[in-house]
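Structure first, commentary second.
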Amino acid sequence: MLTKHELLEPLARLRGDAVVVTCMSVTRPWGAYSRNELDFASADSAMGHTADLALGIALALPERKVICLNGDGSMLMTLGTLVTAAQAAARNYFLFVLQNDVYEITGNQPVPGAGRIDFAAMAHGAGFSRVHSFEDAGAFESSLSGLLSGEGPVLAVVRIEPGSEGPISRSEREASPYLKTSLAESARRLRRALHS
Amino acid sequence: MARAQLVLDQLRRNHVTHVIGLPDNSSAALFDLLTGDGSIHLVSVTREGEAFAIAAGLWIGGATPVVLVQNTGFLESGDGFRGTITRMRVPLVCLITYRGYGKMTAWRRNTPGSSYDAGTLSDARLDSAALVTEPTLEAWGLPFDYLHGDEDAPRISEAFRNAAAGEEPFAILVTCDLA
């Protein structure tokens, strides 16, 4: 099982010029590793719709890699997106499902099916041809470069430790730059950055 | 009845790049045209809430998406719509087919002033999806116009102008079958 540091530090180092879309319990921690204008927090947004939002960006910009850091609770809310993403066959789409088996933001209540859910099997069944699972930090770090340099759509399930992140706001009080502005302004900033 | 080809022409005129949605009987002809169209990408989704999130992402990426769903699916997509399109102020045009519109308008004609109580909403002669569509659009802050037939096709271009000018979504309620 990886810590958030073991997950996010290599991703921040190897993401290149990819768009990175975060949600829920990794939103704030990602801001500690990255201050990139191509980061986007799916916060103050729609419940469970981060993977499909990121898919839209990927479909609009086929030459730009899009990395989505989705929670397991969020993924469970829109499992159909696995089928949509596989069918859309976006070669630049890299979906990471961060499996900690809990709703961390609300106090670590277990998600339905905690401990039994096999997202990798679901992704295979949905039509993803490249599916990876990681429970070990060393294996994750050594595989990440190759994973990101290959062709998508890719789904990577990463077992992570539950933490203690609280509810996320969008305000000046947040330390991460990508949480300081409204969702509407953040969307426009990313749109401008992608076309500058 | 309205010609699906006229709707497709309007989408092309407004440089639409992607149509995201789920077909119903009213929109099937347009989906068929889009399936064979090389200039507009058709993105099929498993549930309507996905369509709005994907559309928001497409817009962030610089594309010009349109969402095409039935009113029942729009109702299902509540938080997906609110948390992406509304919250991000995406100038998205939504084509929403209006299941139950005919029965509803006949009922309104015959029973003026009737309210939507539990009896009305469960009346088997009516389709409650139609009854709650416009109140829901109003509650969710989504302005709308109607496509009743061929003559209304230019309203689609007007919807694009309204969406762009207001930096907000705009819906076209399709009250007839597309053929």
Side-chain angles (χ1 to χ4, degrees), chain A residues 19 21 23 38-66 68 70 74 77-90 92-93 126-127 170 181-196, chain B residues 15-23 31 34-35 40-69 73-74 76-92 94 140-141 163-164 166-169:
Chain A
V19 174
V21 182
C23 78
L38 298 179
D39 294 336
F40 185 78
S42 181
D44 187 30
S45 183
M47 292 289 291
H49 284 290
T50 304
D52 31 4
L53 175 77
L55 176 63
I57 300 172
L59 291 174
L61 298 164
E63 304 307 318
R64 172 82 67 174
K65 285 179 185 166
V66 177
C68 177
N70 204 22
S74 298
M77 290 184 182
T78 50
L79 282 174
T81 297
L82 293 175
V83 176
T84 303
Q87 179 180 267
N92 54 336
Y93 183 64
R170 284 186 169 276
T181 56
S182 71
L183 191 63
E185 177 54 26
S186 290
R188 280 159 179 75
R189 282 174 58 181
L190 177 56
R191 190 175 146 90
R192 285 193 296 271
L194 288 168
H195 296 93
S196 62
Chain B
H15 312 293
V16 170
T17 56
H18 298 75
V19 172
I20 314 106
L22 271 166
F31 271 88
L34 287 162
T35 301
I40 297 177
H41 299 285
L42 178 61
V43 182
S44 296
V45 293
T46 62
R47 209 67 178 105
E48 288 81 356
E50 276 182 70
F52 291 103
I54 291 171
L58 282 161
W59 175 78
I60 288 171
T64 305
V66 157
V67 165
L68 172 57
V69 295
F74 179 75
E76 165 71 19
S77 67
D79 191 56
F81 175 78
R82 177 209 62 79
T84 58
I85 303 302
T86 304
R87 204 70 175 147
M88 295 181 194
R89 295 196 66 164
V90 178
L92 175 76
C94 317
W140 292 358
E167 287 193 88
E168 62 178 355

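This one's a predicted model, so the numbers in the text were calculated from it and none came from an experiment. Order of the sequence lines sets the chain letters (A, B, ...), proteins ahead of strands, with each chain counted from 1.
Taking Gly80(B), Ala51(B), Ala55(B), Ala56(B) one by one and counting their heavy-atom pairs under 4.5 Å with chain A, the maximum is reached by Gly80(B). Ranked by heavy-atom pairs under 4.5 Å with chain B, the list Val19(A), Asp44(A), Val21(A) is led by Asp44(A). Note: Glu50(B) leads His18(B), Arg47(B), Glu50(B) in heavy-atom pairs under 4.5 Å with chain A.
The parts of Ala187(A) that come within reach of chain B are both its backbone and its side chain, each placing non-hydrogen atoms under 4.5 angstrom from that chain. At a 4.5 Å heavy-atom cutoff, the contact between Leu59(A) and chain B is made by backbone and side-chain atoms alike. Proximity to chain B involves both the backbone and the side chain of Ser45(A), based on heavy atoms less than 4.5 angstrom apart. Contacts of His41(B) with chain A are absent, with no heavy-atom separation under 4.5 Å from either backbone or side chain. For His49(A), the parts lying near chain B are the backbone and the side chain together; criterion is any non-hydrogen pair under 4.5 Å. For Val43(B), the part sitting under 4.5 Å from any heavy atom of chain A is the side chain, from C-beta outward, and nothing else.
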Verify side-chain contact (heavy atoms from CB on, under 4.5 Å) between Leu53(A) and Ile54(B), making sure each step is shown before the conclusion. CA-CA 5 Å; Leu53(A) 175 77; Ile54(B) 291 171; over 6 Å; no

Is there a salt bridge (Lys or Arg N to Asp or Glu O under 4.0 Å) between Arg89(B) and Glu185(A) once you walk through the steps? CA-CA 9 Å; Arg89(B) 295 196 66 164; Glu185(A) 177 54 26; over 6 Å; no

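Nearest approach of Ser44(B) to Thr84(A), heavy atoms of both residues: O-CG2, 3.5 Å. Among all heavy-atom pairs drawn from Gly80(A) and Thr46(B), the shortest one is CA-OG1, 3.2 Å.
Atom CZ of Arg191(A) and atom CD1 of Ile60(B) lie 9.0 Å apart (nearest 0.5 Å).
Heavy-atom contacts from other residues, nucleotides or ligands closer than 6.0 Å to CZ of Arg188(A) number more than 12.
Without hydrogens or angle criteria, Asp52(A) side chain to Ala53(B) main chain gives no donor-acceptor distance under 3.5 Å.
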